[in-house]
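Everything below concerns the one structure shown next.
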Amino acid sequence: MANHDRLFSAPIDKLGDWTFDERVAEVFPDMIQRSVPGYSNIISMIGMLAERFVQPDSNVYDLGCSLGAATLSMRRNIKVPGCQIIAVDNSPAMVERCRRHIDAFRADTPVSVIESDILDIGLENASMVVLNFTLQFLEPADRQRLLNQVYQGMRPGAALVLSEKFSFEDKDVGELLFNMHHDFKRANGYSELEISQKRSMLENVMLTDSVETHKARLHQAGFQHTEVWFQCFNFGSLIALKAGDAE
């Protein structure tokens, strides 16, 4: 059973900036289910996409893997031989727990869990790459560089899944979806204090982009086909496809 997230239930004198430390890793499954609408749907559908896109004798990357939910979903659904999943995170606490989660399940597809900055990972021979709520924690200046690296390391016909919290160019829509997300968190038992303290800690660390900005970056990187395939309030996921040899 997941540990209950009570990290922000009491007033904190000095909030500081958000870090994925031991305390966050301990309650992360509960936190993300109660904070990110549609998260479990995205995870299960990443597995369905893996069944469709992962090619034989290729690499699969989960960049910013946290506790390995997307990795496990892909591994359960990979039906072709010769693949390996490379899961990367820069949080020691997340990597340690991710390795334990991966080791708890037997499967044919091997997984390497690497503690590293995802900008330092050389991608190669990739048929599927997942950035599941990861890009938003990179410095904005580094986001295009990472997407360029991802595209260069992919095979023809490969897929990138990019899940993010979105901002909106239409301010009225943005405010509505922002408020609906807060309603979602309240409905999941978070207090006003918890919501406001967490938001204060994240605001310097998690800088969100609009769907239009994401699509522009993906096209600049070289992806020919991009679209939002899932959205709930101000959270969603895009898929970007590298054209096959025939295109």
Side-chain angles (χ1 to χ4, degrees), residues 16-22 24-25 28 32 36 42 46 49-50 53-54 58-71 74 83-99 102 110-156 158-167 201-223 226 235-242:
D17 285 343
W18 182 269
T19 56
F20 288 96
D21 58 14
E22 188 72 31
V24 170
F28 191 71
I32 204 154
V36 180
I42 290 172
I46 282 172
L49 289 166
F53 282 101
V54 173
S58 68
N59 293 329
V60 178
Y61 292 86
D62 183 3
L63 302 178
C65 62
S66 63
L67 299 182
T71 290
M74 289 190 288
C83 300
Q84 66 166 337
I85 301 174
I86 298 153
V88 186
D89 205 285
N90 66 353
S91 161
M94 290 290 190
V95 166
E96 179 198 341
R97 281 173 172 73
C98 182
R99 286 179 177 145
I102 301 300
V111 176
S112 300
V113 184
I114 299 169
E115 183 186 325
S116 174
D117 186 323
I118 58 175
L119 286 161
D120 297 334
I121 294 294
L123 281 80
E124 57 182 15
N125 191 33
S127 61
M128 184 165 171
V129 178
V130 170
L131 283 161
N132 209 35
F133 302 104
T134 299
L135 198 69
Q136 61 201 22
F137 289 105
L138 262 60
E139 289 291 333
D142 291 330
R143 296 175 188 182
Q144 187 68 58
R145 177 159 70 96
L146 177 64
L147 294 175
N148 293 348
Q149 289 171 207
V150 168
Y151 183 83
Q152 294 301 325
M154 288 174 115
R155 286 184 174 193
L160 165 66
V161 174
L162 174 64
S163 309
E164 292 276 291
K165 183 179 183 181
F166 297 140
S167 57
M201 291 184 74
L202 281 167
E203 64 187 1
N204 294 325
V205 178
M206 188 176 79
L207 303 172
T208 59
D209 293 313
S210 67
V211 172
E212 292 83 357
T213 297
H214 286 299
K215 285 187 173 184
R217 280 205 198 101
L218 290 164
H219 284 300
Q220 188 177 329
F223 290 98
T226 65
F235 287 80
S237 190
L238 294 99
I239 189 156
L241 307 179
K242 184 168 184 174

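What you see below is based on every heavy atom in this structure, not just the backbone, and it leaves out hydrogens, waters and symmetry mates.
The nearest pair of heavy atoms linking Leu67 to Arg97 is CD2-CB, 3.5 Å. Taking every heavy atom of both residues into account, Val130 and Ala70 meet most closely at CG1-CB, 4.2 Å. Listed here is the closest heavy atom pair of Val36 and Phe235: CG1-CD2, 3.6 Å. Nearest heavy atoms, Ile102 versus Gly68: CD1-O, 4.4 Å. Minimum interatomic distance between Val129 and Met154 (heavy atoms only, all atoms of both residues): CG2-CE, 4.1 Å. Between Gly64 and Ile118, the closest heavy-atom pair is N-CG2, 3.7 Å.
Geometrically, Lys165 does not engage Phe133 in a cation-pi contact, judged by NZ or CZ lying under 6.0 Å from the ring centre and within 45° of the ring axis.
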task = Decide yes or no on side chain to side chain contact (heavy atoms under 4.5 Å, CB included) for Val54 and Met74, but give the supporting numbers first.
result = CA-CA 9 Å; Val54 173; Met74 289 190 288; 5.6 Å; no
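With hydrogens and angles ignored, the 3.5 Å screen pairs a side-chain donor or acceptor of Tyr151 with a backbone N or O of Gly222. With hydrogens and angles ignored, the 3.5 Å screen pairs a side-chain donor or acceptor of Asn59 with a backbone N or O of Glu124. Distance alone, capped at 3.5 Å, is enough to place a donor-acceptor pair between the Asp89 side chain and the Ser66 backbone. For Gln220 (side chain) and Gln144 (main-chain N/O), no donor-acceptor pair under 3.5 Å exists by modelled atom type.
For the pair Val95/Arg99, a side-chain contact is recorded, criterion being any heavy-atom separation below 4.5 Å from C-beta on. Put simply, the side chain of Asp209 does not reach to within 4.5 Å of the side chain of Gln136, judged on heavy atoms. By the 4.5 Å heavy-atom criterion applied to side chains, Ile46 and Met128 are counted as neighbours. Counting only heavy atoms from C-beta outward, the side chains of Leu207 and Arg143 approach each other to under 4.5 Å.
Here Leu131 contributes atom CG and Cys65 contributes atom SG; the two are 11.5 Å apart, rounded to the nearest 0.5 Å. Once rounded to the nearest 0.5 Å, the distance linking CG of Leu63 with CG of Leu123 reads 5.5 Å. Once rounded to the nearest 0.5 Å, the distance linking OG of Ser237 with CD1 of Ile42 reads 5.0 Å. The CD1 atom of Ile114 sits 8.0 Å away from the OH atom of Tyr61 when rounded to the nearest 0.5 Å. With rounding to the nearest 0.5 Å, the separation of CD1 in Ile239 from CG in Leu49 is 4.5 Å. Rounding to the nearest 0.5 Å places CZ of Phe137 at 15.0 Å from CG of Asp142.
Each of His214, Arg217, His219 was scored for a side chain to side chain donor-acceptor pair (under 3.5 Å) with Thr226, with one residue passing: His219.
Among residue pairs with one or both ends in residues 110-122, none qualify as salt bridge (charged side-chain N to carboxylate O under 4.0 Å, His left out); sequence neighbours excluded.
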